[in-house]
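Just so you know, these numbers come straight off a predicted model, no measurement behind them.
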Amino acid sequence: MLAAMMTLLVPISMMSFSIDLSAGVSDRVGLIFTWLTDSAGSKGFLITLTVLGLLMLRLGMSREECLAKLIQLAVILLIGFASKTGLKAMTESLVLIPNLWPSSW
């Protein structure tokens, strides 16, 4: 397994030396990457759900299979949102605001 990984990793590493990561990209490529990035967050959440729904229809699943997949997706989303909210609440830190009122008041 390690040999297979190294066989893939070495050529990819060799090709990446010539890539200039600080170079500009075309507007089209930038827009595609922006859509991909937004689809993973709250901005493009509905886009991702729509694509997944259309993919289920395209694969020709039965109603029972679609319902099972939708229930699984709903459970995963609920667990994810609940854990995110809980983690944010547990790691919340108070921001100390300095006294902005003049001392003569």
Interatomic distance, [X] atom [atom1] to [Y] atom [atom2] [nearest 0.5 angstrom]:
X: Ser26; Y: Ile32; atom1: OG; atom2: CD1; answer: 7.5 Å
X: Ser83; Y: Lys88; atom1: OG; atom2: NZ; answer: 11.5 Å
X: Ile79; Y: Lys84; atom1: CD1; atom2: NZ; answer: 15.5 Å
X: Met14; Y: Leu9; atom1: CE; atom2: CG; answer: 11.5 Å

Is [Y] reachable from [X] through a run of I, L, V, M, F, W or Y residues, each pair having side-chain heavy atoms under 4.5 Å apart?
X: Ile76; Y: Leu78; answer: no
X: Met61; Y: Leu52; answer: no
X: Leu46; Y: Leu77; answer: yes

Checklist entry - Would Leu70 and Met56 satisfy side-chain contact (heavy atoms from CB on, under 4.5 Å), going step by step from the backbone distance to the final call? => result CA-CA 10 Å; Leu70 288 174; Met56 282 193 326; 3.7 Å; yes
Checklist entry - Passes side-chain contact (heavy atoms from CB on, under 4.5 Å), Leu73 versus Leu49? Steps please. => result CA-CA 9 Å; Leu73 179 61; Leu49 284 179; 3.5 Å; yes
